[in-house]
Amino acid sequence: NSLPGGDPGVAGSQWMQNTVSAMAVDRDGTVFTNSPWDEGGAEAGVYREGRMVGRLDATHGWSRGGGVAIAIDSRFVYMAMAQGPGDGAARYLPGGAEWNMVRRYDKKTLAPVPLRGGAGYDRSMRPVSKTSEVVGLTVGPGVVFAATADGVIRVLRRNDLKPLRRFRVPGARALAWDGRALRVVAGSIVRRVTATGTAIGAITGAGRPTALAFDTQGDLRRAANGDLQQRQQGAQRGLGPQPLQSWREHQAGVGHQHTQ
């Protein structure tokens, strides 16, 4: 039950949020999540070893909501969120309108961290788009990449999230940085582009990919939302100039199959 107190006998700090739309997993296994809305105000819960250990602060009420993308680095959490003009918030927003934002949090305290020239009541938010939701986030060298639902990827300077440039990848959704280039879920294709948007490879026949991540060995993993609901792992490292040639596919409780 996502409403604290809705289940008798369940500790109020341990309720499971209503849904999880995105997650980022730290090296120690801590899972940072994001979702558009939660009844208990835990749009962005933080979990470790199966228990909720915290949540990103101030994501609920005052015309705020969560989102469908999240990313982390060694110090900060970058959360996609929405901030509307209601409840007096308009005076903190460009033009007093509703904005799709990226908000920065301290990874240890889970508190918002102000940005130089930031928006919102605490200056921790960076407006990204009035019209398109932020649907993908990942961290690269000195930058944060933010994909919006209109197929635009914005490159934000990491220390203050100010926009540096933008480029188009039609259908862009989930993002992952492979150490040299950006991986982009775009429909049924996982594209590989440079940090300035030049296409340099693609994985086709990828089903319906919805999420990307690199493991500690440098292999690309993806979640697929097709009929088999699979998690798939690239059979070769994702750092070279060529796209992955094959996948090892896993289906929980059934075994695995190999495809080329």
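Since the model is a prediction, treat every value here as computed from it, not as a measurement. Residues take their numbers from the sequence shown, with the count starting at 1.
The only option from Arg48, Lys107, Glu49 that meets the side-chain hydrogen bond (donor to acceptor under 3.5 Å, both in side chains) definition with Thr30 turns out to be Arg48.
Counting only N and O atoms by type, the side chains of Thr148 and Arg154 include a donor and acceptor under 3.5 Å apart.
Atom OH in Tyr121 sits 8.5 Å away from atom CH2 in Trp62 (nearest 0.5 Å).
Asp122 and Arg103 are joined by a salt bridge, as a carboxylate oxygen and a charged side-chain nitrogen come within less than 4.0 angstrom of each other. With respect to Arg158 and Asp73, a salt bridge is recorded, a charged nitrogen being found less than 4.0 Å from a carboxylate O.
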Under the criterion side chain to side chain contact (heavy atoms under 4.5 Å, CB included), I'd like the reasoning laid out for Gln83 against Glu98: C-alpha separation, chi angles, the key distance, then a yes or no. CA-CA 6 Å; Gln83 173 68 72; Glu98 180 169 351; over 6 Å; no
Using the side chain to side chain contact (heavy atoms under 4.5 Å, CB included) rule, take Tyr105 and Val113 through it: C-alpha gap first, then chi angles, then the decisive distance, then the call. CA-CA 5 Å; Tyr105 284 83; Val113 178; 5.6 Å; no
Please walk me through it: do Leu161 and Met125 pass side chain to side chain contact (heavy atoms under 4.5 Å, CB included)? CA-CA 9 Å; Leu161 298 183; Met125 309 172 195; over 6 Å; no
Mind running side chain to side chain contact (heavy atoms under 4.5 Å, CB included) on Arg191 and Arg183 for me, showing each step along the way? CA-CA 6 Å; Arg191 300 193 180 277; Arg183 303 297 180 118; over 6 Å; no
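Sorted by first and then second residue, the pairs that involve residues 131-147 and meet side-chain hydrogen bond (donor to acceptor under 3.5 Å, both in side chains), not counting sequence neighbours, are Ser132-Asp150.
No donor-acceptor pair closer than 3.5 Å links the side chain of Asp160 to the backbone N or O of Leu115. Arg126 places a side-chain N or O within 3.5 Å of a backbone atom of Gly117 that can act as its donor or acceptor partner.
Leu182 shares a hydrophobic cluster with Val143, Phe145, Ile153, Val155, Leu164, Phe167, Val169, Leu175, Trp177, Val184, Val193; the chain of contacts runs through ILVMFWY side chains whose heavy atoms sit under 4.5 Å apart.
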